[in-house]
Structures are given as C-alpha cells and as structure tokens.
Amino acid sequence: MLKRIIACAICLILAVTAAGCGKKNDEKSDSKILLGFSQLGSESAWRIGNTRDIEEQAVSYDISLMLENANQKQENQIDAIRRFIAYKVDVIAFSPIVEEGWDNVLLEAKNAGIPVILVDRDISTRKVDLTTCLIGADFYQEGVMAAEYLIRKADALGMEHVNIVEITGTENSTPMRQRQAGFFDTIAADGRMTVLESIDGDFLKSRGAECMRYLLKTYSDTIDVVFSHNDEMTLGALPEIEKAGLVPGKDIIIISIDGGQDAIDVLKEGRINCVVECTPKLGKALMETVLMLKAGEKVDAVIHPEEQVFSDEQDLSQLAPRGY
Ligand code: GYE
C-alpha cells in the first residue's frame, strides 16, 4: 500500500513538473512575433527559392511563420489574409499575384491594426496607408538592363533591323508591367528595334513553350530576339526553337530574367545570351522589417535588393552557385 502511495506521489510530482515545463514553453512561443505570409504560388524556381528563403530567415530571426500558398489564385490570397486577421497575427506579409483588387481585405487588416508588408510585387490602389512598405526588386530597372544588353548586342553584331518577340509574365502583375515598361522605354529611341508581338506566358514553363510554338508559326524565321520575363518561360521556349531547326543563342538572341541555376547553366552553354538577375532572397529584409515594425520604428517605403546582369559578354566560369 505504502509503495503505491509513494508511486502515485512521484507520478503527481512528475506530472506537475511536466505541466510547468509545458507552460514555460508556451509562454516562450506566445512571446514570439507571429508573421502571416501569403505566398502566391509555386510557378517557378524563383518562387520556390523565395518561399524557402523566407522560411529559413524566419527560423534564424526566431519569428513564428504562418505560411499559406495560394496556388496562383488571388481569391486564395484574400482568404489567407482574412485568416491571418482572424488569428490576430502580429504582422501580415504577402506577394500579390496581380496589382488590383486588394482594397477591401487590406482595409480589414488596417481596421484590425495589423501592419501589412508587400513582398516581391506591388499593388495598385487609390487608398493611402493600406500597406507599410514594399520589399522587392526594381522590375523597371530589370527591363532597362535587358534592353541595354540588347542594344549592345545589336551594335556588336552590326544589326540593322531587330525583330523582337516578348513573352510576358502574369498579366497585370508588377513584374510584367514594369519589366515591359523598362524594356520598351529603353528601346524606344533605337530605330532598329521592332516588337513583333507581346504574348502572355504567365511565368510558366508550359506556357513559354506554347507561346514560342505560336510565335514561330506566326513569324517563322524573322524573329531575331526573344525577350522572356522569366527563366521558366525561357526554358520552355528553347526546345521549341530547336525543334523548328533554329539555334537559340545564335539564330535567335535569347534574353531572360531571374538568374536561377538552370538558366545560368544554359547561358554558359551559349543557348541563352543574357539573364538579368532578380533575386528571390527577400527573407532577411522581411524579417528585419517585421522586427522594426514591432518595435514601432519607421521603415523605408521601398526596399530594393542589388541586382546584376549575366551575359555572353562575361566569363562566368567562376560564378558561385545561385542557390535557386
Ligand atoms: O521573376 C518569376 C516569378 O515576381 C519577381 O515571379 C517575381 C517573378 C519572377 O514567378 O519567375
């Protein structure tokens, strides 16, 4: 009997200690900042690298992350933001798939007193103060850098006419609009340049292939340049050019954006001529901004990462692995 009483007492002490420990852990995790992040999808190596980077940086900054993937649907992103509001997260971040259509849900976040950070892409709105800041690339400058490369290349080859086809990213998204604007503004003053057609490839490899098939059928061998808004669509387009009996990188100048490892490898093979970098590594700036907002500090309205151009003008043999 005594043995039983002692055993029960020990159990009780253990249970109380365990409960105590549990509470401590809970208290610790309760005190962590909670960030709700709505990713727009998984359409590209860029996007997958961006998601991974945000997850890794959340861990290293000791921030709890509620991550939701919208699978390319704006309504899923709106639902996710509403869930974050209901859950009372400390900060909301999201990468808007397109620029329009966010006012209502962002007003809800504002009324709930939750600051919102735009990651990667921008929104278009007449309302003020719906978001705190934007952390993402300067897409206009990327378009400018792509066009500047093309002008140098046309000079080097002594081209008199340059027929361009453009495969664009998701319609009404910031990178689509800005990359196109930067590219068009820069070639505008160069009388050699003609854009035969711009076609929506939705940032997808399969669409890149489809668009290229259509463009080759329509313009056959009059195409001098493919300007593609991301690596995925470029990698989809290349085999179609080859199937048509043309040599990408030689018969057609290929210009891409992102700079993921696969595209850089193909650039080194000579089948792509130029890749403008767009870094997906936005996680560090995001976590630092979250901490600043929570500390009540002022943050910069726009944070652009540094980016560069990789092309057949350079020796790329020593280029470090890209990490996405
Ligand atoms: O270029 C593309 C991705 O918004 C910068 O989206 C991003 C773009 C990137 O799917 O590959």
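Everything numeric in this text was worked out from a predicted model, so none of it was measured. Read the numbers this way: they start at 1 and go in the same order the structure lists the ligands and their atoms.
Ligand 1 lies under 4.0 Å from heavy atoms of E43, S44, W46, R47, D120, R121, F139, P175, R179, F203, N230, D258, C278.
Residues passing the side-chain hydrogen bond (donor to acceptor under 3.5 Å, both in side chains) test with T289, sequence neighbours excluded: none. Applying the side-chain hydrogen bond (donor to acceptor under 3.5 Å, both in side chains) criterion to D224, with sequence neighbours excluded, gives no partner residue.
Around atom NE2 of H304, more than 12 heavy atoms belonging to other residues, nucleotides or ligands sit under 6.0 Å away.
Within the 4.5 Å cutoff, side-chain heavy atoms of L216 are placed close to those of L246.
The aromatic rings of H229 and F203 sit tilted relative to each other, their planes meeting at an angle between 30° and 60°.
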Can you give me every donor-acceptor pair (side chain of residues 139-151, partner residue at least two apart or in another chain, under 3.5 Å) with its distance?
{"residue": "Y140", "atom": "OH", "partner": "D185", "partner atom": "OD2", "Å": "2.5"}
{"residue": "E142", "atom": "OE1", "partner": "R179", "partner atom": "NE", "Å": "2.8"}
{"residue": "E142", "atom": "OE1", "partner": "R179", "partner atom": "NH2", "Å": "2.9"}
{"residue": "Y149", "atom": "OH", "partner": "D312", "partner atom": "OD1", "Å": "2.8"}
{"residue": "Y149", "atom": "OH", "partner": "D312", "partner atom": "OD2", "Å": "3.2"}

